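So the structure is just underneath, and the comments pick up after that.
What you see is a predicted model, and the numbers here were worked out from it, not measured in a lab.
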Amino acid sequence: MDPKVRRVELNDGHFIPVLGFGTYEPEEVPKSTTLEATKLAIGAGFRHIDCAYAYNNEKEVGLAIRSKIEDGTVKRKDVFYTSKLWITFLRPELVRPALEKSLKNLQLDYVDLYIIHFPMALKPGEELFPTDEHGKAIFDTVDLCATWEAMEKCKDAGLTKSIGVSNFNRRQLEKILNKPGLKYKPVCNQVECHPYLNQSKLLDFCKSKDIVLVAYSALGSQRPKQWVDQSSPVLLDDPVLSAMAKKYEQTPALIALRYQLQRGVVVLAKSYNEKRIKENMQVFEFQLTSEDMKVLDGLNRNLRYGRFHIAVDHPEYPFSDEY
């Protein structure tokens with residue numbers, strides 16, 4: 001990949017910027033931080049903003065986008081905005097109302113990409129994580145193909161330009177791709193992906209189907225206590241990444257981001273720190289050698305930071321399959 005390539009074409013003809021700004025925040029982070037960080041990111045040159053209904057901060061992110069439109073930094077068409085359908089809305093009749101709720105929070109007319117956040121459905125309702133009296137998640141049974149048809153209708157209605165999925169394994173992707181009467185293929189599959197979990201088999205499968213792989217937790221993870229094992233290794237402390245950062249006179253984070261771009265992966269970076277937000281834009285200014293790409297491939301240890309353990313018993317739990 002040419003170091004200067006900033007966006008790639010999706011299978012529906014729309015274009016996605018290859019570097020995105022992630023807006024997930026642990027609960028202890030004030031929402032005003034997301035508002036300011038998103039404004040800084042757009043100011044620094046980010047044109048792809050990744051958010052979700054479940055992050056509970058679409059109002060702030062929408063406000064940040066609108067304020068950068070109002071001050072003349074960008075036009076709406078310059079910003080690629082992703083939202084996600086939460087797992088309590090996977091019943092087909094709940095899909096469009098869920099997207100409309102996000103649009104209302106954002107105060108935007110459409111999103112550029114709407115994706116199914118996870119393949120396993122939980123009980124519909126106001127709670128993000130409905131649980132029974134024993135604290136176990138209450139599952140729902142939904143046909144993902146019917147959910148997908150409702151997503152297709154949202155695209156036809158102009159509420160979203162593109163539709164895709166997140167955290168789907170190969171089997172679940174094939175279920176959609178082989179659906180009778182499929183109107184639109186998913187344009188992407190957004191998954192955890194970094195040198196410790198390089199997803200090479202899933203990446204090859206997605207490429208063969210013209211589906212873009214989008215990497216979250218590309219710098220490891222923010223390690224929120226409720227989701228991530230605190231004893232797991234810190235990716236950006238890896239000695240191989242550190243040595244490579246010295247060699248290229250870049251940061252370990254930039255090496256990890258550049259690695260994804262050269263594999264043809266769209267990558268999300270997140271930071272609240274103005275210096276690092278600006279620094280991450282430097283990913284377009286250098287290129288890793290093919291030897292160094294192989295060295296980074298060799299760091300893979302199938303280490304998943306976000307196991308989403310509350311739904312491990314769900315029949316559609318995606319992470320039990322090899323890929």
Side-chain angles (χ1 to χ4, degrees), residues 1-10 14-25 29 31-52 55 57-84 102 106-108 110-115 161-162 164 166 187-188 190 193-194 212-222 236 250-251 253-262 264-286:
M1 179 167 178
D2 177 338
K4 292 174 187 62
V5 171
R6 300 283 174 120
R7 48 185 217 149
V8 291
E9 191 171 357
L10 297 168
H14 292 293
F15 285 83
I16 186 169
V18 295
L19 178 66
F21 184 71
T23 60
Y24 170 74
E25 58 186 26
V29 176
K31 296 205 186 322
S32 57
T33 307
T34 306
L35 172 66
E36 290 314 312
T38 307
K39 282 201 238 177
L40 286 171
I42 296 171
F46 279 89
R47 294 295 176 262
H48 169 181
I49 308 293
D50 181 88
C51 195
Y55 299 172
N57 58 8
E58 284 196 304
K59 282 184 175 149
E60 287 72 24
V61 173
L63 182 57
I65 293 169
R66 295 194 325 274
S67 77
K68 296 316 281 179
I69 292 171
E70 280 156 24
D71 74 11
T73 306
V74 284
K75 296 183 170 70
R76 172 65 188 94
K77 66 176 171 50
D78 303 327
V79 178
F80 187 100
Y81 179 82
T82 301
S83 184
K84 306 183 188 84
S102 277
L106 292 158
Q107 299 282 302
L108 296 175
Y110 67 90
V111 298
D112 296 271
L113 176 60
Y114 198 47
I115 57 184
K161 296 206 164 175
S162 301
S166 179
V187 297
C188 71
Q190 185 183 126
C193 185
H194 43 75
V212 168
L213 197 81
V214 180
Y216 71 76
S217 294
L219 305 178
S221 164
Q222 288 177 291
L236 294 181
Q250 304 292 344
T251 62
L254 278 164
I255 301 294
L257 295 175
R258 184 71 215 171
Y259 169 67
Q260 299 293 7
L261 294 188
Q262 287 183 218
V265 171
V266 169
V267 66
L268 304 175
K270 87 169 302 281
S271 176
Y272 303 126
N273 175 303
E274 183 170 8
K275 179 174 168 284
R276 284 201 294 267
I277 289 172
K278 288 179 172 165
E279 217 163 58
N280 288 339
M281 290 304 295
Q282 292 168 19
V283 74
F284 299 109
E285 293 167 20
F286 71 102

For Asp71, all residues meeting salt bridge (charged side-chain N to carboxylate O under 4.0 Å, His left out), sequence neighbours excluded: Lys68
Is there a side-chain contact between Asp112 and Arg76 (heavy atoms, below 4.5 Å)? yes
Go through the structure and list residues passing side chain to side chain donor-acceptor pair (under 3.5 Å) with Glu274, not counting sequence neighbours. Lys278
The criterion is ring-ring contact (aromatic ring centres under 6.0 Å, His included); which residues satisfy it with Tyr110, sequence neighbours excluded? none
Contacts of type salt bridge (charged side-chain N to carboxylate O under 4.0 Å, His left out), residue Arg276, not counting sequence neighbours: none
Taking only residues two or more places apart in sequence, or in another chain, which ones meet Ala64 in a side-chain contact (heavy atoms from CB on, under 4.5 Å)? Leu35, Thr38, Lys39
How about Cys193 and Leu213: do any of their side-chain heavy atoms sit closer than 4.5 Å? yes
Under the side chain to side chain donor-acceptor pair (under 3.5 Å) test, residues paired with Tyr114 that sit two or more places apart: none
Side-chain heavy atoms of Leu106 within contact of Val111, under 4.5 Å: yes
Would you call Thr23 and Lys270 a side-chain contact if the rule is heavy atoms closer than 4.5 Å? no
Sequence neighbours excluded, the answer for side-chain contact (heavy atoms from CB on, under 4.5 Å) partners of Phe15 is Arg7, Glu9
Without placing hydrogens or testing angles, list every side-chain donor-acceptor pair under 3.5 Å for residues 42-52, not counting sequence neighbours.
unit_1: Arg47; atom_1: NH1; unit_2: Ile42; atom_2: O; d: 2.8
unit_1: His48; atom_1: ND1; unit_2: Pro17; atom_2: O; d: 2.9
unit_1: Asp50; atom_1: OD1; unit_2: Lys84; atom_2: NZ; d: 3.4
unit_1: Asp50; atom_1: OD1; unit_2: Gln190; atom_2: NE2; d: 2.9
unit_1: Asp50; atom_1: OD2; unit_2: Lys84; atom_2: NZ; d: 2.7

Please walk me through it: do Tyr24 and Asn57 pass side-chain contact (heavy atoms from CB on, under 4.5 Å)? CA-CA 8 Å; Tyr24 170 74; Asn57 58 8; over 6 Å; no
Which residues pass the side-chain contact (heavy atoms from CB on, under 4.5 Å) test with Thr33, not counting sequence neighbours? Val29, Pro30, Tyr272
Reported CD1-to-CG distance for the pair Ile16 and Leu10, which is rounded to 0.5 angstrom: 5.5 Å
With rounding to the nearest 0.5 angstrom, report the CG to OG distance, Leu219 to Ser271. 9.0 Å
Taking side-chain contact (heavy atoms from CB on, under 4.5 Å) as the definition, give me every residue that meets it alongside Lys77, ordered by chain and number, with sequence neighbours left out. Lys75
Which heavy atom of Ala215 sits nearest a heavy atom of Val265, and at what distance? CB-CG1, 3.7 Å
Heavy-atom distance under 4.5 Å between the side chains of Val187 and Leu113, does that happen here? yes
Please check if any side-chain donor atom of Glu58 sits under 3.5 Å from a side-chain acceptor atom of Tyr81, or the reverse. yes
Heavy atoms, side chains only, cut-off 4.5 Å: are Tyr259 and Leu257 in contact? no
Has the side chain of Arg258 got a donor or acceptor atom that lies under 3.5 Å from a matching backbone atom of Phe286? yes
Let me confirm one number: the OG-CG distance from Ser32 to Leu63, rounded to the nearest 0.5 Å. 11.5 Å
Tightest non-hydrogen contact, residues Leu19 and Asn280, listed as CD2-O, 3.8 Å
Residues passing the ring-ring contact (aromatic ring centres under 6.0 Å, His included) test with Tyr216, sequence neighbours excluded, are none
Name all residues meeting the side chain to side chain donor-acceptor pair (under 3.5 Å) criterion together with Gln250; count only those two or more places apart in sequence or in a different chain, and write none if there are none. none
Give the intermediate values and the outcome of side-chain contact (heavy atoms from CB on, under 4.5 Å) for residues Val283 and Leu261. CA-CA 9 Å; Val283 74; Leu261 294 188; 3.8 Å; yes
